[in-house]
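Fair warning: this is a prediction, and the values are worked out from it, not measured in the lab.
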Amino acid sequence: MCDRSYPKKLAFQYLEDLKNEFERVNGSQIETAARPYAFIKFDTFIQKTKKLYLDTRTQRNLAKLNDELYEVHQIMTRNVQEVLGVGEKLDQVSEMSSRLTSDTRIYADKAKDLNRQALIRKYAPVAIVIGVVLMLFWVKNKIW
């Protein structure tokens with residue numbers, strides 16, 4: 001359709017302009033077309049648009065190319081920012097994981113202390129009673 005040196009973006013923009021204008025002008029008549037050249041009048045628009053797109057250095061075409069480049073630049077900038085954001089989030093997750101590990105160690109130590117205190121509370125009265133009874137037997141044996 002065009003020379004290899006012609007910018008692809010402009011070629012696709014040309015086709016896009018043709019499609020949009022055709023749909024705008026003849027959109028409702030497409031389904032009812034009965035003869036092969038029903039839309040021959042559209043050829044004048046095609047020729048006018050073709051003249052506009054022939055010279056790639058016109059201000060209009062350069063502006064379209066610059067707009068495309070700007071859009072690509074914006075997309076790339078957004079992608080880089082998203083990648084940096086993901087990196088920051090990974091750092092936060094790593095930091096939270098480290099905190100969780102240290103908190104788990106603290107929790108394990110406190111659980112051991114609580115278990116030891118529960119055993120003391122459970123068996124201390126029994127140990128005291130047995131100690132007192134044994135002491136009484138010892139005293140009784142020494143006295144008698």
Nearest 0.5 Å, please: how far is [atom2] in [Y] from [atom1] in [X]?
X     : Y     : atom1 : atom2 : value
Glu21 : Glu23 : CD    : CD    : 10.5 Å
Gln13 : Asn20 : CD    : CG    : 8.5 Å
His73 : Arg78 : NE2   : CZ    : 11.5 Å
Gln81 : Met76 : CD    : CE    : 12.0 Å

inquiry  = So does Leu90 get a backbone contact from the side chain of Ser94, meaning a donor-acceptor N/O pair under 3.5 Å?
reply    =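 Not at all, since once roles are kept as given, no pair shorter than 3.5 Å links the two residues.
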request  = Under the side-chain contact (heavy atoms from CB on, under 4.5 Å) rule, what do Phe45 and Leu18 come out as? Steps first, then yes or no, please.
outcome  = CA-CA 8 Å; Phe45 179 80; Leu18 291 180; 3.8 Å; yes
request  = Mind running side-chain contact (heavy atoms from CB on, under 4.5 Å) on Thr101 and Arg105 for me, showing each step along the way?
outcome  = CA-CA 6 Å; Thr101 302; Arg105 287 186 189 126; 3.7 Å; yes
Would you give me the side-chain donor-acceptor pairs under 3.5 Å for residues 112-141, sequence neighbours excluded?
{"unit_1": "Asp113", "atom_1": "OD1", "unit_2": "Arg116", "atom_2": "NH1", "d": "3.1"}
{"unit_1": "Asp113", "atom_1": "OD1", "unit_2": "Arg116", "atom_2": "NH2", "d": "3.3"}
{"unit_1": "Asn115", "atom_1": "ND2", "unit_2": "Ala111", "atom_2": "O", "d": "3.4"}
{"unit_1": "Asn141", "atom_1": "ND2", "unit_2": "Phe137", "atom_2": "O", "d": "3.3"}

message = Using a strict threshold of under 4.0 Å (side-chain N to carboxylate O), is an ion pair present between Arg99 and Glu95?
response =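 Arg99 and Glu95: salt-bridged.
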query = In terms of hydrophobic clustering (I, L, V, M, F, W, Y; side-chain heavy atoms under 4.5 Å; direct or indirect links), are Phe42 and Tyr14 co-clustered?
reply =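 Both belong to a single hydrophobic cluster.
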message = Please say yes or no: joined through hydrophobic side-chain contacts below 4.5 Å, possibly via intermediate residues, are Ile46 and Val25 part of one cluster?
response =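 No, separate clusters.
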query = For the residue pair Leu100 and Thr104, what are the closest heavy atoms and their distance?
reply =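 Looking at all heavy atoms of both residues, the closest pair is O-OG1, 2.6 Å.
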Within-4.5 Å side-chain heavy-atom neighbours: Ile106 and Lys110 =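 Side-chain contact under 4.5 Å: yes.
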